[in-house]
Amino acid sequence: MVSGDEGTAGAARVLVADLDGTLLGGSPYERRKLFDALHQHPDITVVFATGRSLPSVEALLREDPLVPRPHWIIGDVGSTVVDAARMAHARGLEARLRSGWPGAERVRAALEAFPQLVYQERVPQEGRCSFYLDREDLCDEVTVAVRALGCSWSYASGRYFDVLPPNGGKGRAVQLLARHLRWSRQKMLVAGDSLNDLSLFRLGTHAVVVANAEPALTAQVPSSTRVHHSNLEGAAAVLEAVERLGWPVRHPVVIGYHRPPVRWLDGTWQPPSSPNGVLPTLQSALGDKRLDAVWAAAHIGAEPPGPPTPPPPTAGGPKLSLLTLAPDRWAGYFHHTCKETLWPALMSRPDLIRDQPAHWPDYEAVNATFARHIASLAERGATVWLHDYNLWLVPGILKTHRPDLNIGLFHHTPFPHPDVFCRIPAADQLCDSLARLDWAGFHTADCADNFRRLLAGTQAPAPCIGVHPLGIDRRAVSDLARLRAATLPRPANDGVQLVLSVERLDYAKAPVHKIRALDTLLTEEPALRRKVRYRLICPPPEAGIHAYDSTLAALEEAITQINHRWRTPGWEPVEYIPHNLDFTEIIDHYLAADVFWVASLADGMNLTAQEYVTAHHATRRPGVLVLSRHTGVAQHLGSAAVLTDPLLPHDLVATLRSALAMTTAERAAHMTRLADLLHTPDPTEWAHTIITAIRASATPRSMTR
C-alpha cells in the first residue's frame, strides 16, 4: 500500500527530477544552494526519477551530502517506485508498471543476435534490462526486436539503451503515483537532462530543461509556456525553476538566533527544561499564528546524513528552519571567535580578548550562511529579528542583498563602552554591519547609550534604539513554586542558612570571587561557621569551549581549599553542583534558599534573580536577594535588593554579612518590596512590542536613504 496524506495531498507541491546531470549537475556551491532551499522548505515533495537502481540511490544518499532528501524514488527508468521515508517498495504501483514484462532472461536471449548491445553486468536492475549501445548502432532492427517482445525502450546520453515493460518509463510511473496521491499537475515541476526524461515533459506539468541537457531532448520537448529552457546547468536550473514558481514559502517574520528552541538529543527533539531564557521566551511568544513567524537556527552535525527533519511547530512556538554547520566550522565560529574574541568585550574584559585570525573566517562564513538562509525565508518587506552578538555581521550582508527587509537586533548581553568594543580586532567591520540595522534593542539605557555612542561617527542613518527589559513567565514560575511547596516538606530548622547561586560557568558570573568572599566572612565571623552553607549550581559550558578553563580550575581549587579549611563533621561550607538540573529541581532549590546570591561582574537582565523572587513571593516565603549592581535587573529592583559590587571584595563580604543577619520579618518585607518592583513585561508582550518597534523603525530610515 502506498503511504501518503490523502487529505492534503492535492495541495502538495512536487518536484520530480532526474539525478545525474540534473540534481547532481553543476558546482558544489549551486548544489548546496538547492539542498539548503529544499531542506528549508520540507513542504516541497521531492521525487527522484532516475535510471539508477534503488541500491545505487541508497549509496548516493549515504555518500553524497549534497543530495536532497527524497520523499519518493522512481528508479530503474520508471520500473521501481519506493516510499523513501520507509525505503519500502510500492508493490501495487510496481505491478502495474511491470505488467507484461517478459523477464530479463527472455529479453537477453532475444537480443543476443545484436552483438552491439552490451549488457550492463555490474548494474543492479529490476523490471528492465540495461545495455550499452553506441549511437550509430541504434537501428530499426534492434527496436523492432524489442517491440516483438511486447516491450518499450529508452535511449539516453548516446550510450544507454534500456528495455522496459510496455507500460514502463519515468512519465508513466510519475503519472500513476500522482494519481494515487492526488497531486495536481498545476503544482508539479519536472526537471531533466536526457532523452529518458522525455516522458516526464509530456505530462503537462511545469517543467525545466537544464542547460546541459542532451540536444535531442531539447529538440523533442513539447513547446509550452509551462516549459522553461534554463541557461543554467543542473541544480542551479532546478533552483531557478522552483523560485520562478514562487514555491519556497516565505514569511512576514523571521527570527535569527544561532540556536534552535529545541534540542536534538538521543534521536528526538526535546524542549528546554526552563520556561525562561531567550529560547523558551521566543518559543512561547511567537506561538501566535497570526505572526506567521519562522525561526532560522543552526544544527551542528557531520554530513551525511545532514540535519534531522525540523519538528512541526507546537502550540507554543513558530516553525523552525535549520541550516547545517559542520562541527569544525561551529568550533571556529562559536567556541573560538564568539567566546574568546567577542564575549570578553561584552563582559568589559578587554584584557581577555584574543585575536583569532585563523577562526575569524569561520565567524564571517557562518554569518553569511545565516544571511542567505534568512533571505530565503523572508517575504518582501518582512521583519527580521536577530538576536545577540553571534550574528553581528548579518545586518550588513542582508541589507546589501535584501534592502526591502526591516532588520532589528536585540542584545541579551551587556553592550560595552565604545572604548572596549573598539579593542575587538574586527571592530570596524562589525560597526559597518551594525550601522545597517533599522532597530537595535537592549535591556538597559546604559547599554543603549554605549551602542549609540559607538555608531555616532558612522555615515549611515543611525538605527532606532529601544530599551526593553526582558521579564520571566511569572505565572508559570508561581504555579510551579506553589505546586512544589505543597508537595515538599519545609526544610528542617537546623540553624544552617542556605545561600544559593544558580549560574552557568563563566568568569563574568564571578564564582571565584564569591568563594573567596565566603572564606573571608568565615574568617572574620567565627560564629557563622557551621551556620551557613553555600550551594553553587554551576553547569559547565558546551563541550569544546576552553575560554573558561582557567575559571573552572580556579573555582575547583578555591572550593577544595575552603572546604578543607573549614569543614567539620557533618558540615562543609560549599556544596558544588557542576551539572544541569531540570527546572523543577531548580525551583526546589530556590524554595530552600534563605539567600540568593548574584555577583555578576557584567550581566544581561539575569532571569534567575527574577525567578527566585517570584518563587518566594508566590509561596509567601521570606528570603534575601543579594544582587550585583552590574545586572540589568538591578535597575528595577535596586531600591529593594541588597546591592553588591563584586569588583570590591570588601563590599561582597559586607553585603553577604548583612543578608545573613536579616530577621525573618525583615526578609518577608524585603521579598514583598522586590515583588512589587518586578514590573518587567511577560515574554509574549515583550516580543510583540519589539516586533512592532522593528516594523515601525523602517519607515523613517528608508526616507533618509
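Note that this is a predicted model, so its numbers are computed, not measured.
- Atom CZ of Arg475 sits in a sparse spot, with 12 or fewer heavy atoms from other residues, nucleotides or ligands closer than 6.0 Å.
- Between Glu611 and Phe583 the shortest side-chain heavy-atom distance falls below 4.5 Å.
- No donor-acceptor pair under 3.5 Å is formed between the side chain of Asp594 and the backbone N or O of Leu500.
- Counting only distance, with no hydrogens or angles, the side chain of Glu340 and the backbone of Gln356 share no donor-acceptor pair below 3.5 Å.
- Taking both residues in full, the closest heavy atoms of Ile537 and His579 are given as CG2-O, 4.2 Å, listed atom of the first, atom of the second, then distance.
- A 4.5 Å side-chain heavy-atom check between Thr584 and Arg484 finds at least one atom pair inside the cut-off.
- The backbone N or O of Ser697 lies less than 3.5 Å from no partner atom in the side chain of Asp438, so there is not a single donor-acceptor pair.
- Between Gln610 and Leu678, some side-chain heavy-atom pair lies under the 4.5 Å cut-off.
- Aromatic ring pairs are classed by plane angle as parallel below 30°, tilted from 30° to 60° and perpendicular above 60°; the pair His411 and Trp392 is tilted.
- In this structure, NE2 on His417 lies 13.0 Å from CZ on Arg423, to the nearest 0.5 angstrom.
- Relative orientation of the Tyr257 and His412 rings is perpendicular, given thresholds of 30° and 60° on the angle between their planes.
- Using modelled atom types, no side-chain atom of Thr444 and backbone atom of Gly632 make a donor-acceptor pair closer than 3.5 Å.
- By the 4.5 Å heavy-atom criterion applied to side chains, Tyr507 and Pro344 are counted as neighbours.
- Atom CZ of Arg516 sits in a sparse spot, with 12 or fewer heavy atoms from other residues, nucleotides or ligands closer than 6.0 Å.
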Please evaluate residues Trp439 and Asn406 with respect to the criterion side-chain hydrogen bond (donor to acceptor under 3.5 Å, both in side chains), reporting the C-alpha separation (whole Å), side-chain torsions for both, the decisive distance (0.1 Å), and the verdict.
CA-CA 8 Å; Trp439 184 91; Asn406 306 325; over 6 Å; no

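- Here the OG atom belonging to Ser628 is positioned 10.5 Å from the NE2 atom belonging to His513, to the nearest 0.5 angstrom.
- The backbone N or O of Ala640 sits less than 3.5 Å from a side-chain atom of His670, completing a donor-acceptor pair.
- With respect to His630, the side-chain hydrogen bond (donor to acceptor under 3.5 Å, both in side chains) criterion is satisfied by exactly one of Asp645, Asp446, Asp603: Asp645.
- The CD1 atom of Ile694 sits 8.5 Å away from the CG atom of Leu409 when rounded to the nearest 0.5 Å.
- Using a 30° and 60° split on the angle between ring planes, His258 and Trp330 fall in the parallel class, below 30°.
- When every heavy atom of Pro414 is checked against every heavy atom of Gly604, the shortest pair comes out as CD-N, 3.9 Å.
- Qualifying ring pair (Phe, Tyr, Trp, His ring centres under 6.0 Å) partners for Tyr590, counting only residues two or more places apart in sequence or in other chains: Phe596.
- Thr337 places no side-chain N or O within 3.5 Å of a backbone atom of Phe334 that could act as its donor or acceptor partner.
- Annotation for Arg620: atom CZ does not count as buried by contact number, only 12 or fewer foreign heavy atoms lying within 6.0 Å.
- With a 6.0 Å cutoff to the six-membered ring centre and a 45° limit on the axis angle, Arg504 does not count as a cation-pi contact of Tyr548.
- Put simply, the residue from Val420, Ile424, Asp388, Thr413 that forms a side-chain contact (heavy atoms from CB on, under 4.5 Å) with Leu346 is Thr413.
- Taking all atoms of both residues into account, the shortest heavy-atom contact from Arg436 to Pro395 is CB-O, 4.1 Å.
- Looking at Tyr612, its side chain does come within 3.5 Å of a backbone N or O of Ala593 through a donor-acceptor pair.
- Summarising the geometry of Asn606 relative to Val598, their closest heavy-atom pair is ND2-CG1, 3.5 Å, with the distance given to 0.1 Å.
- No more than 12 heavy atoms of other residues, nucleotides or ligands lie within 6.0 Å of NE2 in His564, so this atom counts as exposed by the packing criterion.
- When atom types are taken as modelled, the side chain of Arg474 and the backbone of Thr680 share a donor-acceptor pair closer than 3.5 angstrom.
- Aromatic rings from Phe415 and Phe421 are positioned such that their centres are separated by under 6.0 Å.
- Around CZ of Arg259, the count of heavy atoms belonging to other residues, nucleotides or ligands within 6.0 Å exceeds 12.
- Nearest heavy atom pair, residue Leu454 against residue Pro418, reads N-CG, 3.8 Å.
- Remark: of the listed residues Leu430, Ile353, Asn390, Leu430 is the sole one forming a side-chain contact (heavy atoms from CB on, under 4.5 Å) with Leu342.
- Of the listed residues (Phe451, Tyr389, Trp686), just one forms a ring-ring contact (aromatic ring centres under 6.0 Å, His included) with Phe410, and that residue is Trp686.
- Between Arg695 and Pro252, the shortest heavy-atom distance links the atoms NH2-O, 4.5 Å.
- A donor-acceptor contact closer than 3.5 angstrom links the side chains of Glu542 and His335.
- Although no hydrogens or angles enter the test, the distance criterion places no donor-acceptor pair under 3.5 Å between the side chain of Asp449 and the main chain of Ala445.
- No donor-acceptor distance shorter than 3.5 angstrom exists from the side chain of Arg657 to the backbone of Leu521, with no hydrogens or angles considered.
- Using a cutoff of 4.0 Å between basic side-chain nitrogens and carboxylate oxygens, Lys531 and Glu525 are not scored as salt-bridged.
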